[in-house]
Peer 1: 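Encoded as structure tokens, here's the structure I'll be asking about.
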Amino acid sequence: MSEVNEAVMDKITKVCLCKSISRATIKKAILDGAHTVKDVNAAVGSGSGPCRGQRCGPKIQALIDTMKEEGKI
Ligand code: FES
């Protein structure tokens, strides 16, 4: 996927459905230094919805792992 398409998809894809938080917001928090799910949740408010992070927690962890593998953090 091109970088432009990825940026667009990041904006419209919700990682935390309960709190309607986009993948772009989660990625920015990770780039800004939140390198654990707990840190990301504290930074942007994910994980605080009715599911208590059951749905978004694994997706956030996967994003952290991918960004580490890609050398972005
Ligand atoms: S999807 Fe994030 S708290 Fe429920």
Side-chain angles (χ1 to χ4, degrees):
M1 195 184 310
S2 77
E3 279 183 28
V4 173
N5 280 347
E6 190 175 335
V8 171
M9 289 306 294
D10 283 351
K11 279 187 186 161
I12 61 177
T13 303
K14 302 299 180 200
V15 171
C16 179
L17 298 169
C18 294
K19 305 294 277 187
S20 194
I21 297 171
S22 71
R23 192 163 67 202
T25 299
I26 301 286
K27 279 186 173 179
K28 184 177 182 310
I30 296 168
L31 287 173
D32 287 347
H35 294 170
T36 66
V37 173
K38 198 174 161 204
D39 287 349
V40 171
N41 289 349
V44 302
S46 48
S48 59
C51 85
R52 309 308 302 172
Q54 287 196 352
R55 289 187 295 179
C56 58
K59 290 188 274 183
I60 293 168
Q61 185 61 58
L63 277 173
I64 293 167
D65 292 345
T66 300
M67 289 172 78
K68 272 188 188 157
E69 280 171 25
E70 292 174 348
K72 290 181 179 166
I73 56 171

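Numbering of ligands and ligand atoms starts at 1, following listing order. Everything numeric in this text was worked out from a predicted model, so none of it was measured.
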Peer 1: Name the option, out of G57, C51, G49, that contains the heavy atom nearest to atom 4 (Fe) of ligand 1.
Peer 2: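 That would be C51.
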Peer 1: Within the 4.0 Å heavy-atom shell around G53, which atoms of ligand 1 are there?
Peer 2: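 Those atoms are 3 (S).
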Peer 1: Mind checking whether S46 has a heavy atom under 4.0 Å from ligand 1?
Peer 2: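 Not so, S46 does not reach ligand 1.
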Peer 1: Give a rough value, rounded to 10 degrees, for the angle at atom 2 (Fe) of ligand 1 between atoms SG of C56 and SG of C16.
Peer 2: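 Roughly 110°, rounded to 10°.
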Peer 1: Restricting to non-hydrogen atoms, name the atom on A29 and the atom on A43 that form the minimum distance, rounded to 0.1 Å.
Peer 2: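 It is CB-CB, 4.3 Å.
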Peer 1: What residue and heavy atom of the protein are closest to atom 1 (S) of ligand 1, and at what distance?
Peer 2: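 Checked against all protein heavy atoms, atom 1 (S) of ligand 1 sits closest to L17 N, 3.3 Å.
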Peer 1: So does Q61 have more than 12 non-hydrogen atoms from other groups sitting under 6.0 Å from CD?
Peer 2: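 More than 12 heavy atoms, drawn from other residues, nucleotides or ligands, come within 6.0 Å of this atom.
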Peer 1: Near G47, which atoms of ligand 1 are under 4.0 Å from a heavy atom of that residue?
Peer 2: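 Within the 4.0 Å cut-off of G47, ligand 1 contributes 2 (Fe), 3 (S).
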Peer 1: May I ask whether I60 and L31 are part of the same hydrophobic cluster, defined by side-chain heavy atoms of I, L, V, M, F, W, Y residues being less than 4.5 angstrom apart, directly or through others?
Peer 2: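 Per the 4.5 Å side-chain linkage, I60 and L31 are co-clustered.
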Peer 1: I need the L17 CG to K59 NZ distance, nearest 0.5 Å.
Peer 2: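 These two atoms lie 4.5 Å from each other.
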Peer 1: Shortest non-hydrogen contact from N41 to G47?
Peer 2: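 So the minimum-distance heavy-atom pair works out to OD1-N, 3.8 Å.
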